[in-house]
Amino acid sequence: MSDVRDVIIIGGGPAGYTAALYTARANLRPLVIEGFNWGGQLMITSDVENYPGYPDGELGPTMMQDFRRQAERFGAEFVTDDVTRVDFSERPFKVWVDKDEYRAESVIVATGASARQLGLESEQRLQGRGVSYCATCDAAFFRDKIVTVVGGGDSALEEALFITRFASKVLLVHRRQEFRASPIMVDRAQQNDTIELVLDTVVEDVLGEDKVTGVRVRNVITGDITDLETDGFFVAIGHDPNTSLFLDWLDHEEETGYLVTEPRSTATNVPGVFAAGDVQDHTYRQAVTAAGSGCMAALDAERFLSAQRHEAGSAAQPA
Ligand code: NAP
């Protein structure tokens, strides 16, 4: 293909669409390969009440449509499919969707992360109807209600502690006796009267037709099955960054797979390839921080491209 783009953005969540908006407004004609299931993690939340500028809250999927439409208004183009392969060995970089090859002088990777799911049919069905993967987003919907949190790492304990600001009771269900979380978090949870620890226990089912009404749990030592009344069910068993396509090319954390960017920048180890949003952030993981880093990546890509043009222009000058 002869058409070499200025920038290809891989991923259609808050980071990708914000990068698209900024690069489109900079006349860089971005192509967003947004994924078959575009929209990212906000597609499985209900109301988003913590995104500035939406004082009445907004449904996650509606907000993502708005993000997308805003980028489109300035000329961003979209391929609604999944990238299957990349080659970042030289510029122009190559990105494939099956047999279709796309080329660009710069690439912004914004493929996000996925919350790990338990894999229960009922968990899927009740997503946004009491099943949540983000306490910061959804805890306030459970004022004076009973909430169950599953997991035994720092995320689960942090979420459980956060939810105690709203809920009347928080059941923390963990599959072992020992916690993976840091001792200080375990101490805090143990000392909090609103939190009840339910250990050596796994969740077998989330109960409820249209909304969560309870969870069915099994004690792994005794085999006893119990139904616990609950209004909210928070799954906090970790996140996985969507980085499998990039591991051969981009520096990443060995253990977790998160991409590594330079401090105060979205630059990766490959000049011209930038990473934005949850794919390189396991600390903040908010739509607004992802959008912010999408903006940073767009500005970084713009500067990179103009430096390249400047260099090419200087090289073309007679000595
Ligand atoms: P994590 O440390 O990987 O912990 C995941 C937890 O979920 C583990 O307790 C694990 O149980 C449990 N789990 C995994 N799959 C499960 C399943 N299918 N069913 C039931 N339980 C399951 O993940 P994380 O808590 O999200 O933390 C990720 C990283 O971020 C960690 O390095 C953590 O320290 C860090 N973090 C730090 C803070 C903080 O410092 N404030 C806050 C959040 C996260 P097992 O223990 O039995 O494997």
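Start at 1 with the first residue, then count along the sequence. Computed from heavy atoms alone, side chains included, the values below leave out hydrogens, waters and symmetry copies. Order of appearance sets the numbers: ligands from 1, and atoms from 1 within every ligand.
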Are the side chain of [X] and the backbone of [Y] linked by a donor-acceptor contact shorter than 3.5 Å?
X      : Y      : answer
Gln280 : Thr261 : no
Asn242 : Thr111 : yes
Asn269 : Asp251 : yes
Asp154 : Ser182 : yes
Thr268 : Leu250 : no
Thr23  : Glu302 : no

Would you call [X] and [Y] a salt bridge, using N to O less than 4.0 angstrom?
X      : Y      : value
Asp248 : Arg85  : no
Arg218 : Glu204 : yes
Glu105 : Arg91  : yes

Counting only non-hydrogen atoms of the protein, does one fall under 4.0 Å from [atom]?
atom                    : value
atom 9 (O) of ligand 1  : yes
atom 30 (O) of ligand 1 : no
atom 33 (C) of ligand 1 : yes
atom 44 (C) of ligand 1 : yes

So which protein heavy atom does [atom] come closest to, and at what separation?
atom                    : answer
atom 26 (O) of ligand 1 : Ser155 OG, 2.6 Å
atom 1 (P) of ligand 1  : Arg180 CD, 3.9 Å
atom 5 (C) of ligand 1  : Ile237 O, 3.5 Å
atom 46 (O) of ligand 1 : Arg176 NH2, 2.8 Å
atom 38 (C) of ligand 1 : Asp154 CB, 3.7 Å
atom 23 (O) of ligand 1 : Gly238 CA, 3.8 Å

Looking only at N/O atoms, are [X] and ligand 1 under 3.5 Å apart anywhere?
X      : answer
Gly152 : yes
Gly153 : yes
Glu158 : yes

Give a yes/no verdict on whether any heavy atom in His282 is under 4.0 Å from an atom of ligand 1. no
Around atom CZ of Arg125, are there more than 12 heavy atoms from other residues, nucleotides or ligands closer than 6.0 Å? yes
Location of contacts on Leu118 toward ligand 1, heavy atoms closer than 4.0 Å: side chain
Ligand 1 versus His174, non-hydrogen atoms closer than 4.0 Å: side chain, backbone, both, neither? side chain
Looking at Thr230, Leu172, Val198, which one forms a side chain to side chain contact (heavy atoms under 4.5 Å, CB included) with Val149? Leu172
Ignoring hydrogens, just give me the one of Arg116, Arg175, Glu159 whose non-hydrogen atom is nearest atom 18 (N) of ligand 1. Arg175
